[in-house]
Each structure stands twice: as structure tokens, then as C-alpha cells.
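Notes follow once the structure below has been shown.
Numbering of ligands and ligand atoms starts at 1, following listing order. Only this structure's heavy atoms are used, side chains among them; waters, hydrogens and symmetry mates stay out.
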Amino acid sequence: MIVYKTDAEIRMMRESSRIVARILGELRPMIKPGVRTSDLDAYAERRTRELGAKPAFKSYRGYPASLCVSINEEIIHGIPSARALKEGDIVSLDFGVLYDGFYGDAARTYPVGQVAPLARKLIQAAERSLEKGLEKMVEGNRISDISAAVQDYVEAQGFSVIRSFVGHGIGHSLHEEPQVPNFGFPGRGPKIRRGLVLAIEPMIAAGDWEVEVLMDGWTALTKDRSLAAHYEQTVALTDRGLEILSADEGEASRGHGLKEQPYA
Ligand code: MF3
Ligand code: CO
């Protein structure tokens with residue numbers, strides 16, 4: 001069952017998503033060679049509590065940290081550790097909080113110092129593919145219209161879409177219906193209507209889409225060890241159109257924020 005949200009509920013979800021965006025934004029300048037991924041996690045957890053929220057991922061199905069930090073061929077669910085980032089890596093940060101009864105969830109992939117042109121292109125394709133999906137989040141469309149738009153864009157860039165993980169509804173629970181795959185044929189699945197709040201999260205790879213999970217039971221990486229990138233926003237369809245609840249200032253000013261604005 002899809003739980004559609006009222007305007008008042010979306011107002012509350014704006015707060016939890018804003019905390020997620022704020023902390024991800026604060027982590028960005030920490031992404032430098034030498035920083036340990038556990039330092040990023042500790043910072044995120046401390047700031048979450050300072051802002052009166054709770055980390056959404058900690059203890060979720062036994063996940064041991066507040067932040068997911070996935071490096072290079074790691075796609076998602078990388079567990080923070082003493083491992084340090086190094087120049088040329090790309091790193092995906094996935095973060096969620098619970099605030100006042102509502103979840104927010106977002107992810108970004110950042111370069112560490114100078115990265116290879118392919119890595120830069122992959123990161124940009126992940127972000128753009130999310131924007132392509134968002135363009136389809138309009139009343140009357142169906143969920144798989146989002147999926148197909150993401151897949152078409154990613155594959156046109158010469159990359160592939162991860163299939164074993166999907167986006168999701170979000171609200172009082174971190175994962176609600178519907179599932180939002182990043183691939184598929186258009187015109188299928190539930191109709192999109194006002195009050196729908198989704199965490200849309202394309203995960204893409206420079207090589208093939210097959211996935212392997214490490215012995216830690218969490219870290220998902222590409223089977224062919226090609227680079228992966230992940231971008232996620234919590235978004236709501238409101239009376240005023242599409243709103244990216246977890247957009248940071250940079251994304252908002254680039255037009256990746258409101259449907260009314262063109263996507264550059
Ligand atoms: N952001 C992830 C998602 O949307 C949540 C990570 S799962 C956890 O599914 F276990 F790490 F919390
Ligand atoms: Co998510």
C-alpha cells in the first residue's frame with residue numbers, strides 16, 4: 001500500500017530531508033585524501049544528534065553505522081572503517097535521518113581530489129540520470145516512467161544501471177511502497193499522484209551491472225570491479241509541483257530543485 005502524504009506531512013518531511021542535505025553538504029569539504037571513512041561517519045552521527053535527529057541507518061537490519069561510505073567499485077552500503085580516502089578515488093555517501101517521526105534519505109558521489117575523466121563522467125551521469133527520472137514524476141505518469149528515463153539516459157552515456165537495488169517510498173518508514181527500479185519499460189506500476197514521496201536513487205556502473213556482496217554482509221560492489229556512482233534525493237509531488245526535499249543549495253541553484261525550472 002502506498003502512503004500518500006498530506007501537505008502538513010510533506011512540510012515535516014522537508015525538515016528531515018533538509019537535515020540530511022545539510023549534513024551531506026557539511027561532509028563535502030571533508031572529502032580529501034587521508035580522511036578515514038569512520039571520521040565521516042562519526043561527524044555525521046554527531047551532527048545528526050546535535051540537530052535533534054536520529055541516524056536512520058544505524059542498527060537498521062543490523063547495519064553498524066550512521067553513514068554508508070562506498071569507494072570506487074563499491075556501489076552502496078560500504079561500512080565506515082579506518083580506511084582512508086586517497087587522491088583519485090570516488091566516494092558515495094548515503095545518509096538518512098529520522099526527525100519528528102519522518103525519514104529523509106539522500107546520497108551523493110564525490111571525487112577525492114583530481115579524478116580520471118571517466119570517473120567524473122560517471123558521477124555526472126548518476127546525477128543527471130536522477131534529474132531525467134524526476135522529469136517523469138508528474139501526475140498521471142506511472143512509476144516505471146521514472147525507471148525507464150533513468151535507464152535510457154544512463155545507457156546512452158555508455159554506462160549500466162544496477163538492478164538488484166531500487167529506490168522506494170519514504171515517510172514514517174525508511175522504506176515504503178512503491179519500489180522504484182532504475183530500469184524497465186515505461187507505462188507500468190502505480191500511477192503517480194499528489195502526495196507521493198519517493199527516494200529515487202540511481203546506482204550506475206562504468207562496466208556491467210552484476211553485483212557482488214562482500215563477506216561483511218553489506219558492501220555491494222560491481223562484479224567486474226568497474227567504478228560505480230550513486231545519487232539519491234527524497235522528492236515529493238505537492239500542489240505546487242515537484243519538490244526536491246533533500247536538495248542542497250548548489251543543486252537548487254543549478255535548477256536541480258524545482259520542476260518549473262529547466263534542467264541545465
Ligand atoms: N539509503 C539506503 C536505502 O535507501 C539505506 C541504507 S540501508 C542501511 O535503502 F542498512 F544501510 F541502512
Ligand atoms: Co534510499
Any chance the side chains of [X] and [Y] put a donor and an acceptor closer than 3.5 Å?
X	Y	answer
H168	D105	yes
D41	S38	no
Y43	E26	yes
S246	Q233	yes

Looking at [X] and [Y], does any basic side-chain N land under 4.0 Å from a carboxylate oxygen?
X	Y	answer
R225	E212	yes
K223	D208	no
E243	R14	yes

Check: Which of the atoms in ligand 1, numbered in the order shown and given with their element, are less than 4.0 Å from a heavy-atom of H168?
Finding: 3 (C), 4 (O)

Next item on the list: Mark up the atoms of ligand 1 that fall under 4.0 Å of a heavy atom belonging to E232, in ascending order.
Entry: 1 (N), 4 (O)

Please check if atom [atom1] in [X] has more than 12 non-hydrogen atoms from other residues, nucleotides or ligands closer than 6.0 Å.
X	atom1	result
F185	CZ	no
K132	NZ	no
Q179	CD	no

Notebook entry, point to check: Would you call the rings of Y63 and W218 parallel, tilted or perpendicular, where under 30° means parallel and over 60° means perpendicular?
Noted result: perpendicular

Note to self: Heavy atoms only, cut-off 4.0 Å: how does F165 contact ligand 1, side chain, backbone, both, or neither?
What the structure shows: neither

Checklist line | Within reach of ligand 1, part of R61 (heavy-atom separation under 4.0 Å) | finding: neither

So for ligand 1, is [X] a polar contact partner (N or O within less than 3.5 Å, distance only)?
X	result
Y60	no
D105	yes
Y63	no
W218	no

Notebook entry, point to check: What are the protein N/O/S atoms, named by residue and atom, that sit under 2.8 Å from the Co ion (ligand 2)?
Noted result: D105 OD2, H168 NE2, E201 OE2, E232 OE2

Item checked: Residue and atom name of the nearest protein heavy atom (relative to atom 6 (C) of ligand 1), distance in Å to one decimal -> H77 NE2, 3.6 Å

Check: Of the protein's non-hydrogen atoms, which lies at the shortest distance from atom 3 (C) of ligand 1, and what is that distance?
Finding: H175 NE2, 3.3 Å

Notebook entry, point to check: Of the choices V20, D94, V166, which has the non-hydrogen atom that lies closest to atom 1 (N) of ligand 1?
Noted result: D94

Checklist line | Option whose closest heavy atom lies nearest to atom 11 (F) of ligand 1, chosen from G62, C68, P55 | finding: C68

Margin query: Going by the rule side-chain hydrogen bond (donor to acceptor under 3.5 Å, both in side chains), which residues pair with K86 if we only count those two or more places apart in sequence or in a different chain?
Written below: D89

